[in-house]
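We name chains A, B, ... by the order of the sequence lines, and we start the count at 1 in each one.
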Amino acid sequence: MQYEPVIGLEIHAQLKTNTKIFCNCSTSFDQQPNLSTCPVCLGLPGALPVLNKKVIEYGIKTALCLNCKIADKNIFARKNYFYPDLPKGYQISQFELPLGLGGFINIGEKDNQKRIGITRLHLEEDAGKLLHRADGSLVDFNRTGIPLMEIVSEPDLRTAKDAKEFVVKLRDILLYNGVCDCNMEQGSLRCDANISVRKAGAKEFGVKTEVKNMNSFRFMQKALEYEIERQIDELESGGRIIQETRLWDEAKGVTVSMRSKEEAHDYRYFPEPDLVPVMVSVQWVEDIRKTIPELPDEKKERFVSQYNIPEYDAKVLTTSRDLADYFEDCAKLYSDAKIVSNWIMGELLREIKNDNTDIKDCSITPKMLTDMLGLIKKGVISGKIAKQVFEDMYKTGDAPQDIIEKKGLKQIMDPNAIRSIIKEIMAGNPKQVRLYRQGKTKIIGYLVGQVMKHTKGKANPQLVNKLLAEELKRD
Amino acid sequence: MSKFYEYSICELNSLLLKKEIKAVEITESYLKRIEKLDGKIGSYLTITAEEALKQAAIVDKKIVNGEKISVLAGIPLAIKDNMCIKGIKTTCASKILHNFIPPYDATVVKKLDNEDYVLLGKTNLDEFAMGASTENSGFKITHNPWDLSCVPGGSSGGSAAVVAAREAVAALGSDTGGSIRQPAACCGVVGLKPTYGLVSRFGLVAFASSLDQIGPITRDVRDAAVLLNIISGHDECDSTSINKELPDYTAGLGDGVKGLKIGLPKEYFSDWVDAEVAVCMDSARKILENLGAEFIDISLPHTEYGVATYYIIATAEASANLARYDGVKYGYRSPDYNNFLQMQKNTREEGFGAEVKRRIMLGTYVLSSGYYDAYYLKAQKVRSLIKNDFDQAFSDCDLIMTPTIAEPAFKLGEKTSDPLKMYLSDIFTISANLAGIPAISIPAGFAKEGLPIGLQFLGGAFSEDMILKAAYAFEQATDYHLKWPK
């Protein structure tokens, strides 16, 4: 029997505003527990929330990128439930009138695109964190009131891979707009999935489960693949799916039942009387639209046409806005964009990956990299030496010219100098010279190697080849 | 000159400016009076004698140094114990907050502080301001200074009683459904509930956020205007506070009522208004007519739904507002628990009083899935209708006059066993909160047993200057406000 999985995603993204959503506390994370708090985010009696406008701005920006309709009237609601990490006993969230409705993201390659619907985008406050210890439980309210954006997709996804691609796409959009760090391991981007399977061709949805605790892109795909298999196996063996919440257990590689939906809360939503409706004018939306940067897909297409680089290169170079900017800065300074792309995708990204750092913190500036490429082109250094120069630049942050100067890496271009070295090498290798002259011309490679070795790779290889051939033929 | 407690804010201010008295002397005389009377009346939950004397001394020093002082400088006031004052216990008369000391000041308190007021203490109330008799306090009963066997009204019963008994020059109360005006009427003092949004709620422990409003309780109308000048105004910490140019509320007090059109809503003058109250209303009408006001009959057709609407909206909001008292962060924590659920359950079980629990349950019920539309949503619609009633009325008249309470203060214990009867005590005051409009209660006479009777003026949003003007004109033509319980 063929089964078709149906997946919908719920994504929570912490917004990177300087202050919390309803008070002036810092959103910075590296704080002592409960230091970044005030009467408002601690829910002290009498304290009142005041909305951080920046949160709405970030929400509108994202909603526009997800092709959502923006609500002109935004109302916050109280979502009531008791939990020790929720200091007011309710979470301020959006319910009936979310900020964004009815959008989409396209996934897949250009000629085989799938449109994944976005049901809604709304804003809310994060809760605190519980720490369970042997002697009791502790609460840290630093995270309370960090602005959250919840994005809910339609059940349009059909494979775990598509789901992952959707989240990657979404992450790229959030990162490009600078509204979220998107660190799944640290929880600034959290993803829950609703999954069901149905017989291929069926119209009705099957019973769904909700999978939580997928803390990285890799885990997410694995968890979804596991859950799809589990549901199919269950049905195939004559069982049935129970509507429930399941947690991904990374160590065991399985999803485990957490609670069934029967125990679901009645959140008793009602409009938050402490906040006034937020009216979003057309002008405000248009002003925000102007601040949206070129998004990865557009950028990728432009790179292909403007710089004439392969689609693959363009895709890699646009994975982050900083990397794309780096490439463009280089391409402005050096006309052969493919060579720039090769160096960035090869040497540069390797170093950065090894160091687990970021392009922003890279010691090689676009000017340094392109200066080096210019020196290769002019023949001042060879491509091989360039790799050495590159490593040096990466480590020291020195300009390529200085490194070449200091280490004497300049290519030997003087024919007389090379000729005298050739003569020396020929004198030292009479056997190879004789073999060459007897017709074993391939042996020239060995002699070139000896010359290069002698000059520590600095002799211009073309020149060495040419002059060596001349000298060997001379006698 | 030893009976400083006989003077109003404005009188004391002029005596201070003339250096005829010292601020410390005023405070001392009040502290003595509290010591003498409060055992019988029971209006203070916390008395801040030491801080009061310190603050008064600072004012005296300023006067000696020739510094300019505010009209409120050195004036001893009391504050209802549901407003946060940094470093001073704020209990809301609830066991669940019996030990809560706020780390911050309510905006109104900050404003009073800027004027160098003197805090005498925090006054008793119905727990979390839920009640109309102050009998729901988790700590003690407050008695009506006019008749100790009667209630002072509520929920700001402590604040109204201290003003009536001259245990403070004036006080702040909060009004969610009548909690300033009803006790003011019961105690024969002036109580003003401002337009929703005129006074910041930041630091007022929430009962029902869309209805709560802080206001002054004073011995005369001018003092109410003086306090309103100080506590009103936009506050960035309260999203519902209005950013608007405001008048000096004392400026137009003497302008008189000549030409004012006053509406008498027929729904407020039904048979069950006590006969003595009705007599007072009649005589008030004549007095105002003599002063040049014109009366017309009007109708507020949705009045009868006010109480029902109020008890749905107020309890719904309260059920969420009171969810934070779970024993985790502050206040009372039950010693009896093994896990969070038990801790929270036992804390709330032991910490809240019966009336508070009743309202939390009611509010939780009306918000529950399946009931939301029938109760909460319907109540919001009726609330709009009530608001429309007033909009309609104010197109025909400048302000509205009604009794504040249908009968004078009732006996202690008389209504405690019948919550519905208790809820009806607010029947004339609730609509102003639902509509968000200002209303003032002023003394309008006395019943045969000597208990005060109050009349209420209501105006359109932000018409505080008009209702104060009318109240002042009436007060000047009568002497009810000059009487106080001996």
Options B:Leu377, B:Thr364, B:Val328, B:Val366, ranked by heavy-atom pairs under 4.5 Å with chain A, top entry: B:Thr364
B:Tyr372 and A:Phe270 aromatic centres sub-6.0 Å: no
A:Lys208 atom NZ: more than 12 heavy-atom contacts under 6.0 Å: no
Within-4.5 Å side-chain heavy-atom neighbours: B:Ser369 and A:Arg268: no
A:Val40 vs B:Phe202 side-chain heavy atoms within contact, under 4.5 Å: yes
Side chain / backbone / both / neither for A:Tyr269 at chain B, heavy atoms under 4.5 Å: backbone
Min side-chain heavy-atom separation A:Val50-B:Glu236 under 4.5 Å: no
Segment of B:Gln344 engaging chain A (4.5 angstrom heavy-atom cut-off): side chain
Donor-acceptor side-chain pairing of B:Arg324 and A:Tyr90 below 3.5 angstrom: yes
Among A:Gly89, A:Pro45, A:Gly43, A:Pro273, residue most engaged with chain B (heavy-atom pairs, under 4.5 Å): A:Pro45
Partner chain A: residue of B:Leu211, B:Asp326, B:Asn321 with the largest heavy-atom pair count (under 4.5 Å): B:Asn321
Options B:Leu341, B:Asp238, B:Leu97, ranked by heavy-atom pairs under 4.5 Å with chain A, top entry: B:Asp238
Region of A:Asp274 in contact with chain B, defined by heavy-atom distances below 4.5 Å: both
Contact class of A:Phe141 relative to chain B, heavy atoms under 4.5 angstrom: side chain
A:Pro39 versus chain B, the contacting section by heavy-atom distance below 4.5 Å: side chain
Closest heavy-atom pair and its distance - A:Asp266, B:Ser368: OD2-CA, 3.4 Å
